[in-house]
Amino acid sequence: MSVDEDPAVPYVPPADATEARRVQEELRSRVDLVGPGPAAPATVAGLDVAYAQDGVLLAAAVTVLDAVSLAVVDEAVCVGRPAFPYVPGLFAFREMPALLAALDRLTVRPELLVCDGHGLAHPRRFGLACHLGLVTGLPAIGVGKTPLVGSWTGPGPERGDSADLCDEGDVVGRVLRTREGVRPVFVSVGHRMGLDNAVERVLALTPRYRLPETTRTADQLCRRALASAVVSGGDLDRR
DNA sequence: GCGACAG
DNA sequence: ATCTTGTCGC
């Protein structure tokens, strides 16, 4: 899958945190928060990254699932180094180069991206899911396991119960109970999606577990890839 | 000034 | 993110 079919928004690695924040402020206005996005996508991709050796080595994985059967129909990985230190709010710059490389290795161009991190629910309204959506041109959703910004009340205890995630007067996402009796997840729009549809898509991907099937398969894949990279020396330049 | 802070 | 066994509960 070519990442630059729509060269409107190239990925530019920032030199420092100040520049990174400037990039986010510049790109935030180009995010499509309305969508509504695909209501019945044929394929959905999950993206995740695993780390080893004190965070100096990483593996980024993308899995593409049939949206109905949830079977994996394509997958790709990229082993590399973090491209940026971990700074809350600048998380995307750490993982994006490896994720984009993995996306480029796909055979199938997925109709939707489900990212392991927030989209709009970000201090500058431009989290990983927004950035990935903009650079790939694909509809994207952010699904976080813990909050970054915002407050909420509830949600109820049943699968499907949800509550608005609010930050500084904005509804930036939804706190969604994907399974009864488990902690909720934090869903936000990444790009070319509406929040209601994003929530529907996440529910369709969580028939059994708290996290979307997409992120679960991607998580397994990047852990596997990382483990084999470590045993074979962990030396990237010689592989 | 003091915490909080996606993965 | 990652380091990590058993254990409480459905």
Side-chain angles (χ1 to χ4, degrees), chain A residues 14 17 20-21 23-24 27-28 31 46-62 77-100 102 113-134 140-152 157-159 165-168 170 172-191 195 198 202 208-212 214-227 229-231 234:
Chain A
R21 292 188 187 93
V23 168
Q24 293 180 329
L27 295 180
R28 56 183 291 182
V31 171
L47 302 87
D48 193 23
V49 176
Y51 294 84
Q53 309 195 339
D54 258 319
V56 303
L57 191 65
L58 64 72
V62 186
V77 298
C78 172
V79 176
R81 310 271 184 204
F84 204 82
Y86 173 67
V87 179
L90 302 181
F91 173 58
F93 299 101
R94 184 171 176 75
E95 303 190 339
M96 270 191 70
L99 286 170
L100 291 172
L113 262 32
V114 177
C115 311
D116 67 317
H118 299 99
L120 241 202
H122 175 278
R124 285 168 295 282
R125 306 293 179 260
F126 194 74
L128 172 69
C130 300
H131 211 152
L132 272 171
L134 215 50
I141 298 173
V143 180
K145 296 182 284 292
T146 62
L148 173 61
V149 297
S151 57
W152 67 95
E158 301 297 318
R159 164 174 159 84
L165 177 62
C166 304
D167 183 48
E168 310 203 311
D170 300 328
V172 298
R174 199 156 297 155
V175 185
L176 175 67
R177 190 91 60 188
T178 54
R179 301 297 303 164
E180 184 180 340
V182 302
R183 283 180 300 146
V185 299
F186 300 78
V187 179
S188 59
V189 168
H191 184 49
L195 183 53
V202 170
R208 171 136 195 224
Y209 299 101
R210 173 184 179 237
L211 297 178
T214 37
T215 58
R216 287 171 46 78
T217 53
D219 177 74
Q220 295 167 1
L221 178 56
C222 62
R223 290 198 196 208
R224 254 184 291 140
L226 190 59
V230 168
V231 293

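Hydrogens, waters and symmetry mates play no part in the numbers below; they use all other heavy atoms, side chains included.
E168(A) has its CD atom 14 Å from the C1' atom of dC5(B), to the nearest Å. Atom NE2 in H118(A) sits roughly 10 Å away from atom C1' in dG7(B) (whole-Å rounding). The CG atom of L211(A) sits 16 Å away from the P atom of dA6(B) (whole-angstrom rounding). At whole-Å resolution of the value, CG in D116(A) and P in dA6(B) are 13 Å apart.
Distances shown here put a side-chain N or O of Y86(A) below 4.0 Å from the OP1 or OP2 atom of dA6(B). Regarding contacts with the backbone of dA6(B), every side-chain N or O of K145(A) stays at 4.0 angstrom or more from both OP1 and OP2. Taking side-chain N and O atoms only, T146(A) has a distance below 4.0 Å to OP1 or OP2 of dG7(B).
Judged by centroid separation below 5.5 Å and plane tilt below 30°, F91(A) does not stack onto the base of dG7(B).
Side-chain contact of Y51(A) with E95(A): a donor-acceptor pair under 3.5 Å is present, judged by distance alone.
Of all the heavy atoms in C78(A) and A102(A), the pair that sits closest is CB-N, 4.0 Å. Scanning all heavy atoms of the two residues, the minimum distance from G119(A) to A129(A) falls at CA-CB, 3.7 Å.
Within 4.0 Å of P147(A), counting heavy atoms only, lie sugar-phosphate atoms of the nucleic acid but no base atom. Using a 4.0 Å heavy-atom distance criterion, L90(A) is classed as a base contact. Across all strands, A121(A) comes closer than 4.0 Å to no nucleic acid atom at all (heavy-atom distances). In this structure, G127(A) reaches the bases: a heavy-atom distance under 4.0 Å links it to at least one base atom across the strands shown. Within the 4.0 angstrom heavy-atom criterion, base atoms lie near G89(A).
Checking dA6(B), dG7(B), dT2(C) against the side-chain heavy atoms of H122(A) singles out dA6(B) as nearest. Considering only the side chain of R223(A), dT2(C) comes nearest among dT2(C), dC5(B), dG7(B).
Side chain of R159(A) to backbone of T178(A): a donor-acceptor contact under 3.5 angstrom is found.
Residue D48(A) forms a side-chain contact (heavy atoms from CB on, under 4.5 Å) with just one option from V114(A), D116(A), V62(A), L99(A), and that option is D116(A).
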